Amino acid sequence: MLEQYSAPLRVFVQLSYGYGATNWHARWARGEIPGINEPYAYGYYRAAGPDTVIVQSEDQPENFFSRMLRYGVRLVVGFDFVQAWRNRDGILSADVVWTHTEAQALAVLALYRLTPWAAHPPLIAQSVWLMDRWPHEPVWRRLLMQHLLSGADLLTFLSPENLKQARSVFPGKRLEWVAFGICADTMPPRIRAEKPAGSPIQVLSVGNDRHRDWTTLIAATANLPDGATCALTVATARPIPTPAHVTRVAVTHNDDLFALYDRADLVVVPLGENLHASGITVIEEATVRGLPVIATDTGGLRHYFDDDCVMYVPVGDVAALGSAIVTLARDPDLCAAMVERARARMRTELNSQAYALRHLALSHELLAQQAQGLVVDSGTVTQRARAMKITVGIATSGRPAILRETVAELQRQTHPPTRIIVCAPTPQDVADLPPAPNLTIVQGARGLAHQRNVILDQAGDADLVVFFDDDFIPDRAYLAQCANAFAGNPDIVVATGRVLADGAKGPGLSVEDARALLADPATNPVAGLPMVQPTWSAYGCNMAYRLSTIRDAGLRFDERLPLYGWYEDIDFSRRAGALGLIACVNGAKGVHLGSKLGRTPGRKLGYSQVANPLYLARKGSYPLDHALRSIARNIAMNTLRSLWSEPYIDRRGRVVGNWLGLRDAVLGRIAPENILSM
């Protein structure tokens with residue numbers, strides 16, 4: 001936890017009435033909350049630990065009059081302010097407050113407005129249905145919600161589609177997508193039951209959301225292709241038509257719901273257009289129970305599970321849905337493969353543990369911003385910093401002369417690296433590199449991600465592993481500043497330094513330029529800057545990782561990003577950042593030369609500028625809106641500058657690569673590895 005907190009971090013989770021900790025736990029123990037649920041609602045308690053205390057709101061007993069008062073206030077303003085008022089002591093005494101939907105967020109923010117004399121903890125205000133409801137709300141209520149939610153410290157959304165719409169309503173606010181996950185502690189194997197030939201396909205659909213498209217589902221299952229027949233079970237509290245092949249059940253106990261899952265051959269999540277990832281809980285429950293899923297392609301569900309995990313059909317397409325049902329029912333091997341890939345996603349990223357820890361990481365970022373950084377100068381921290389073993393890793397290719405200068409600067413660090421590991425594809429890449437006791441040279445196939453994985457494998461028992469580009473010249477106190485930051489802030493997992501000048505954005509810089517910039521106080525002042533401040537991702541030319549954390553999580557650089565990698569740093573640092581804090585250490589300074597030697601050819605790089613962001617967005621480590629903006633920005637820049645191209649950049653080659661990438665994206669065959677055959 002951040003150094004300034006001597007006591008554990010106190011998190012208060014404000015939830016709707018009926019979700020109070022005591023009531024929820026009692027109903028959960030009796031099996032009266034259908035679904036794969038947690039002992040306490042949504043699994044927020046999983047963020048608790050020695051340094052973190054999680055407290056959830058409680059439900060106050062009500063009589064008829066107090067209930068009517070609460071309902072009346074909620075009817076007028078659109079959120080349950082009375083529930084927040086009853087929990088005001090817990091809210092106002094916390095270090096940070098989390099809410100699950102916009103209703104609780106609005107109530108907490110209204111409480112803040114009405115208690116100007118009190119200290120107001122930072123609020124992570126999550127929204128679920130907000131943007132779906134927005135066009136249908138009266139103008140006065142939209143203005144009220146906009147006014148209140150603009151006061152939140154951070155707005156989070158369970159779907160990138162919801163977030164995208166929110167940008168126009170809350171310009172300038174920080175918005176984050178937080179992937180929702182359920183309990184995935186156990187995933188029992190599913191035993192395939194032998195069925196007589198010609199038996200009806202057992203289809204299950206679950207949900208009460210108003211965006212469920214029961215009409216399309218019932219029509220699709222009534223007339224399946226190739227003469228197949230179907231028995232459809234719909235578990236919902238909503239009234240629906242029930243022709244002969246449809247059974248509607250209202251599930252009130254967990255055992256009944258699990259029995260429905262166990263009898264089904266597959267699960268269908270039929271949806272109308274929506275923005276809030278409607279149906280994601282059912283998809284995750286079906287995956288845990290070992291069932292393949294067909295879902296309507298809307299609401300941002302693809303950001304959770306791709307086509308390898310879930311079979312998607314267009315909105316309202318009866319024929320496509322019927323065909324998908326028959327396809328899955330007749331291909332048990334495909335079903336098993338889909339389930340296993342979906343389960344792999346849930347084990348690593350889409351579970352309640354990751355969901356809770358993501359909230360915790362965001363909380364630490366907010367608190368760090370509030371503290372405006374830390375000055376780490378205590379004797380204890382200094383001792384911890386000095387004891388840190390640091391391995392520096394350099395993936396190199398085609399720049400032996402510059403590499404020698406970079407390694408020479410590393411040997412002059414005030415906190416000497418325990419080891420320097422250089423990974424190169426060929427001996428020529430490390431020609432004439434002077435030997436040293438702490439220098440290890442290893443060989444790895446050409447490709448930044450692969451070479452950095454080789455370095456991770458060789459990093460030994462280091463506390464920190466710091467990756468430098470072979471043309472990054474660090475200040476001589478760089479490693480000491482990193483050690484201080486990590487020693488004083490145990491929740492930092494990723495750190496990046498301050499780049500004083502970046503030759504990658506121009507013709508490049510010489511080693512002499514870099515040394516002059518580092519020696520000139522006018523170009524590298526640190527006065528007035530916080531020592532540590534949160535940042536969105538690390539910059540690949542200089543980034544440090546707490547080795548134990550990334551090893552425990554099994555993190556690796558994604559080798560599907562070949563050659564130069566292009567965004568492999570964002571992918572790796574964002575995945576690592578889900579485990580803690582991503583920080584910028586302002587005292588860790590350096591200059592990126594941006595050497596043009598050994599660069600990926602223009603056509604290949606142009607293709608990567610399209611393929612890699614789309615791949616990472618699909619993977620979930622890079623928001624889709626960021627990916628689309630990045631692609632548009634690079635295509636526009638390459639196209640414009642190709643008219644008067646810089647002599648050190650193959651703009652026309654990049655333009656060709658960009659358009660090849662767009663073509664493959666349209667044809668559905670885009671992949672980062674395609675550059676290897678270009």
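None of these values were measured; they are calculated from a predicted model. These values consider heavy atoms only, across backbone and side chains, with no hydrogens, waters or symmetry-generated copies.
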Do R212 and S278 have side-chain N/O donor and acceptor atoms under 3.5 Å apart? yes
Determine whether the side chains of T396 and D470 contain a donor N or O and an acceptor N or O closer than 3.5 Å. yes
Does E176 reach the main-chain N or O of T156 with its side chain, forming a donor-acceptor pair under 3.5 Å? no
Taking the six-membered ring for Trp, are the ring centroids of H626 and W536 within less than 6.0 Å of each other? yes
Quick one: do I182 and S352 satisfy side-chain contact (heavy atoms from CB on, under 4.5 Å)? Show the steps, please. CA-CA 5 Å; I182 66 171; S352 51; 5.7 Å; no
Will you find, in the side chains of D209 and H276, an N or O donor that is under 3.5 Å from an N or O acceptor? yes
Identify the two heavy atoms, one from P562 and one from L676, that lie closest to each other, and give their separation to 0.1 Å. CB-CD2, 3.9 Å
Side-chain H-bond candidate by donor/acceptor type, N542 with Y478, under 3.5 Å: yes
T426 and Q443, any side-chain heavy atoms less than 4.5 Å apart: no
Are Y622 and Y567 close enough that their ring centres sit under 6.0 Å apart? yes
Centres of the F472 and F467 rings: under 6.0 Å? no
Cut-off 3.5 Å, side chains only: do Y539 and D502 have a donor facing an acceptor? yes
S323 side chain to A319 main-chain N or O, any donor-acceptor pair under 3.5 Å? no
